[in-house]
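Okay, so here's the structure we're looking at.
Letters A, B, ... are given to chains in the order of the sequence lines, protein chains preceding strands, and every chain is numbered from 1. Hydrogens, waters and symmetry mates are skipped; everything else that's a heavy atom, side chains included, is used. The model shown is predicted, which means the values in this text are computed figures rather than measured ones.
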There are 2 protein chains.
Amino acid sequence: MEPTDDETGPALPPVIAAAWGLRERAPKGPRPGLTLAGIVAAAVALADAEGLAAVSMSRVAKELGAATMALYRYVGAKDELLTLMVDATFGEPPDPGGTGPDWRAGLAGWAWAERAALQRHPWVVRVPISGPPLTPYSLSWLENGLRCLAGTGLTETEKMSVMLLLSGYVRSDALLTAQIQEASAASGRRMDEIMPEYGQLVARVADPARFPALRKVISAGVMNQEDGPDDEFVFGLDRLLDGVEALIRSRTAT
Amino acid sequence: MEPTDDETGPALPPVIAAAWGLRERAPKGPRPGLTLAGIVAAAVALADAEGLAAVSMSRVAKELGAATMALYRYVGAKDELLTLMVDATFGEPPDPGGTGPDWRAGLAGWAWAERAALQRHPWVVRVPISGPPLTPYSLSWLENGLRCLAGTGLTETEKMSVMLLLSGYVRSDALLTAQIQEASAASGRRMDEIMPEYGQLVARVADPARFPALRKVISAGVMNQEDGPDDEFVFGLDRLLDGVEALIRSRTAT
DNA sequence: CTCCTTCTGCGTATGTCATACGCTTAATTG
DNA sequence: CAATTAAGCGTATGACATACGCAGAAGGAG
């Protein structure tokens, strides 16, 4: 179960190979009673139902009717299980990523879909990510995003940077939403009470003389307005895509 | 040590009050042998030297020559200590946030400074954040950022959204950098080897027929180019500020 | 000066967790 | 049928956060 590191390149973590279906099962030995996919699915269901904190190796094993240590035949460490859990929640990206001419609509759809996936499984943003994506679904999403940028005059480096920027933004937004949900659950208040309360706390703590701009924001009622949670996302997404559009236009003009 | 929840508003977590210097020491009882600031400073030093994983309550206490449980007189839970650690690493923002007319230069400077702070303490991006900022330095940074936007025609809500967008971006970028550092430390390879290796792994795992756009990026050598790590940051920052500029221009034009 | 209140430091105990190690046993091949 | 290989898993280890309650210090009240 060592990472394979032959002359063709660097080590491929075994669990990643397994996720891509590249694991050749040895002909000898007892047949496996569990599957990697089954373990991941059980862990995802558990996280959905009781939160990421409930996902311990022993708890997942119990859910499967197996012993804790049985899982380690499929997964080298809990870390790897978490990586696969995240990948599983994304699933196949929604759409062939049409090579249609409208890159902007394509990327916007991509962002909305990723956001939806993250909101279906709010714990995903709490998983500490260990590196750039190598898992099947994650790469599928990246692929589809990149396809949207095919017709633009951007360099490959720029395309990648745009995807990095966009996925980072979606993640940031989802993190914020998740925080509000958690704060609501922890304090027992309704979700639409969290931000107004935050505004009050800031007002109590921030001296108007030292924090004039901040106080102005608060007293303008920014935290109290009844905005659908989508408004914030729309704003950032529009800004971001405007920035990309400016670049593309300058490229096309040249 | 209960959160105070009087008629003036919602509960202010006691450790936040302490961080703002709002704690009135009781006249009775033995004098405290530790200080909250000292505990936080020790924890930050420990995280800087040995990483976030080394920061356990017992380890921090040992660093101070105190017993583990002594810390709980100053901090309700480890979570709170982490929040204060993050705040401490930011420190006072660099510059009065001049109300000069050039919002763009101001915000860019803000972003670079925040990025520098995060890179001085790479573990900060690994701290699970529990909610919107309430700590002194965090709010100072927010204040200074907001001031940059004073002259623009943006609404208060929009200003806040811009700051959210920008700080999320800086954080995302710092997270990526931290991941590369961690991967480098874990695998023993040099930091500039990590991305090329990632490219090779993707090439090994992603079938060209199913991932054409991704393969095109890889084979264009995107992962191999000798880019200063700043290039990525510059690109995203420019896009982002371009997007904000487009909005401001449309506002001013009206 | 003395007692009482109040708060600090901290020893101990508890429950949880990830995971290393090695035994047993089931498939399969020769 | 014997040898091989890997699956399931029981046990043990060490780390961790933190609840609880005691002992002693500091100051105020009488």
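The minimum heavy-atom distance between B/S184 and B/R189, with the atom names listed, is OG-O, 2.7 Å.
Side-chain N or O atoms of B/S219 include one that pairs as donor or acceptor with a backbone N or O of B/R215 at under 3.5 Å. Side-chain N or O atoms of A/E197 include none that pairs as donor or acceptor with a backbone N or O of A/I194 at under 3.5 Å. No donor-acceptor pair under 3.5 Å is formed between the side chain of B/Y169 and the backbone N or O of A/L165.
First and last contacts of DNA chain C with chain A, using any nucleotide atom under 4.0 Å from a protein heavy atom and ordered 5' to 3', fall at C/dC17 to C/dT29.
Contact annotation: A/Y72 does not reach the phosphate of D/dG8 (side-chain N/O to OP1 or OP2, under 4.0 Å).
Partner B/V124 forms a side-chain contact (heavy atoms from CB on, under 4.5 Å) with one of B/L175, B/L118, B/I129 and no other, that one being B/L118.
Each end of the helix from C/dC1-D/dG30 to C/dG30-D/dC1 yields a helix axis from five base pairs, and these two axes differ in direction by 10° (to the nearest 10 degrees).
Counted within 6.0 Å of CZ on B/F233, heavy atoms from surrounding residues, nucleotides or ligands total more than 12; the atom is thus considered enclosed.
In this structure, B/W141 and B/W110 have perpendicular ring planes: the angle between them is above 60°, well past the 30° mark.
With respect to the salt-bridge test (charged N to carboxylate O, under 4.0 angstrom), the residues B/R171 and B/E114 do not qualify.
Among the heavy atoms of the strands lying under 4.0 Å from A/A70 is at least one base atom, whether or not backbone atoms are also near.
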- Task: Apply the test side chain to side chain donor-acceptor pair (under 3.5 Å) to residues B/R59 and B/T68: give CA-CA distance (whole Å), side-chain angles for both, the deciding distance (0.1 Å), then the verdict.
- Result: CA-CA 8 Å; B/R59 185 66 198 284; B/T68 306; over 6 Å; no
Polar pairs (N or O, both sides) under 3.5 Å between protein and nucleotides 21-25 of chain D?
none

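Applying the ring-ring contact (aromatic ring centres under 6.0 Å, His included) test to pairs two or more places apart or on separate chains, none has a residue in residues 22-43 of chain A.
Atom CZ in A/R25 sits about 10 Å away from atom P in D/dA6, given to the nearest Å. Atom NZ of A/K78 and atom P of D/dA15 are 19 Å apart (whole Å).
Contact check of residues 36-69 of chain A against DNA chain D (heavy atom, cut-off under 4.0 Å) returns A/A66, A/A67, A/M69.
Checking A/S130 against B/E182 by side-chain atom types alone, no donor-acceptor pair falls below 3.5 Å.
In this structure, CZ in A/R120 is found 10.0 Å from CG in A/D48, a value given to the nearest 0.5 Å.
Every residue was checked against the ring-ring contact (aromatic ring centres under 6.0 Å, His included) condition with B/Y198, not counting sequence neighbours, and none meets it.
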